[in-house]
Amino acid sequence: MRGLARVAIVAEGRRWIGTPYRHQASLLHVGCDCLGLVRGVWRALVGPEPEEAPPYSPDWAETQGVETLALAAHRHFARVEQDAFCAGDVLLFRFRDHAPAKHLGIATSATHMVHAHGGACVVEAPIGSWRRKLAGAFAFPDVTD
């Protein structure tokens, strides 16, 4: 089986730039949230999603207090050292210390990522201050350098 090239992950993530933010959506140029972006890149490059995302509210992580995204990331992606992530890796963030991680992005380089967040469309942005909120980094299955 041939591996998944990081350049292909970055290119697919960038195709989503401009897609409007839509909570729980995952449709290129129609709408997505941060999870929907990662789900869409997975479908385009890996194949069918490995599990169905359950319905979730914008405050699901705070109300449940469970590391739902982190647990799913560990099930379907390969963990990488968060200080050594590469372009094409999925980045997991916490908005507050000791709160469950609830935001995702895809690294396009050591300093930038594509991500979707409320009130905006998918963008490629500097990681900058997000770095201090980084809770984990994960590689897509069978990724190659």
Side-chain angles (χ1 to χ4, degrees), residues 2-80 82 85-97 99-145:
R2 214 169 142 203
L4 178 59
R6 291 181 179 280
V7 66
I9 298 166
V10 171
E12 181 61 26
R14 285 178 171 152
R15 275 190 352 112
W16 287 71
I17 291 173
T19 299
Y21 181 87
R22 298 285 183 266
H23 179 67
Q24 294 188 9
S26 183
L27 294 170
L28 179 65
H29 303 308
V30 175
C32 71
D33 59 12
C34 65
L35 176 58
L37 169 64
V38 173
R39 291 173 49 218
V41 170
W42 178 289
R43 287 191 311 270
L45 300 175
V46 179
E49 295 175 54
E51 66 181 79
E52 187 174 330
Y56 52 94
S57 65
D59 66 347
W60 62 268
E62 291 84 359
T63 59
Q64 293 181 357
V66 177
E67 291 283 0
T68 306
L69 275 181
L71 292 170
H74 282 282
R75 283 194 302 275
H76 304 296
F77 295 85
R79 186 181 163 281
V80 298
Q82 68 185 50
F85 67 82
C86 297
D89 287 339
V90 175
L91 306 178
L92 177 66
F93 300 96
R94 306 182 187 287
F95 286 118
R96 292 188 325 260
D97 290 343
K102 63 180 263 184
H103 186 63
L104 298 167
I106 299 173
T108 57
S109 71
T111 60
H112 286 75
M113 67 176 170
V114 289
H115 69 127
H117 59 91
C121 58
V122 176
V123 297
E124 182 168 6
I127 293 171
S129 63
W130 283 98
R131 192 171 296 274
R132 65 179 159 64
K133 299 176 184 183
L134 188 61
F138 300 86
F140 276 86
D142 301 317
V143 73
T144 60
D145 288 325

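In this structure, the separation between CG on L69 and CG on L104 is 5.0 Å, given to the nearest 0.5 Å. Going from atom CH2 of W42 over to atom CG of L35 covers 12.0 Å, rounded to the nearest 0.5 Å. The line from CZ of F140 to CZ of F77 is 4.5 Å long, rounded to the nearest 0.5 Å. Rounded to the nearest 0.5 angstrom, F138 CZ and I106 CD1 are separated by 13.5 Å.
Legend: residues meeting side-chain contact (heavy atoms from CB on, under 4.5 Å) with A137, ordered by chain and number and at least two apart, are V80, Q82, F85, L91. In this structure, H29 has no ring-ring contact (aromatic ring centres under 6.0 Å, His included) partners at least two apart in sequence or on a different chain. For R43, the side-chain contact (heavy atoms from CB on, under 4.5 Å) criterion is met by W16, S26, R39, E49, not counting sequence neighbours. R6 meets the side-chain hydrogen bond (donor to acceptor under 3.5 Å, both in side chains) test with D89, D145; sequence neighbours excluded. Here E51 pairs with R75, H76 under the side-chain contact (heavy atoms from CB on, under 4.5 Å) rule; sequence neighbours left out. Every residue was checked against the ring-ring contact (aromatic ring centres under 6.0 Å, His included) condition with Y21, not counting sequence neighbours, and none meets it. By the side-chain hydrogen bond (donor to acceptor under 3.5 Å, both in side chains) test, R15 is found to be paired with E12, residues two or more places apart in sequence or in another chain being considered.
Across every non-hydrogen atom of I9 and G88, the tightest pair is CG2-O, 3.4 Å. Minimum heavy-atom separation, W130 to F95: CH2-CE2, 3.6 Å. For the pair C32 and L27, the tightest heavy-atom approach, listed with the atom from each and the gap, is CB-N, 4.5 Å.
A salt bridge (Lys or Arg N to Asp or Glu O under 4.0 Å) check over residues 18-35, counting only residues at least two apart or in different chains, returns nothing.
Looking at T19, its side chain never comes within 3.5 Å of a backbone N or O of L28 through a donor-acceptor pair.
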**Study point:** Steps toward salt bridge (Lys or Arg N to Asp or Glu O under 4.0 Å) verdict (K102, E67)
**Key:** CA-CA 8 Å; K102 63 180 263 184; E67 291 283 0; over 6 Å; no

Donor-acceptor pairs under 3.5 Å, side chain of residues 113-129 to any protein atom, not counting sequence neighbours: which ones?
from	atom 1	to	atom 2	distance (Å)
H115	ND1	H103	NE2	2.9
E124	OE1	R14	NE	3.0
E124	OE2	R14	NE	3.4
E124	OE2	R14	NH2	2.9
E124	OE2	T108	OG1	2.7

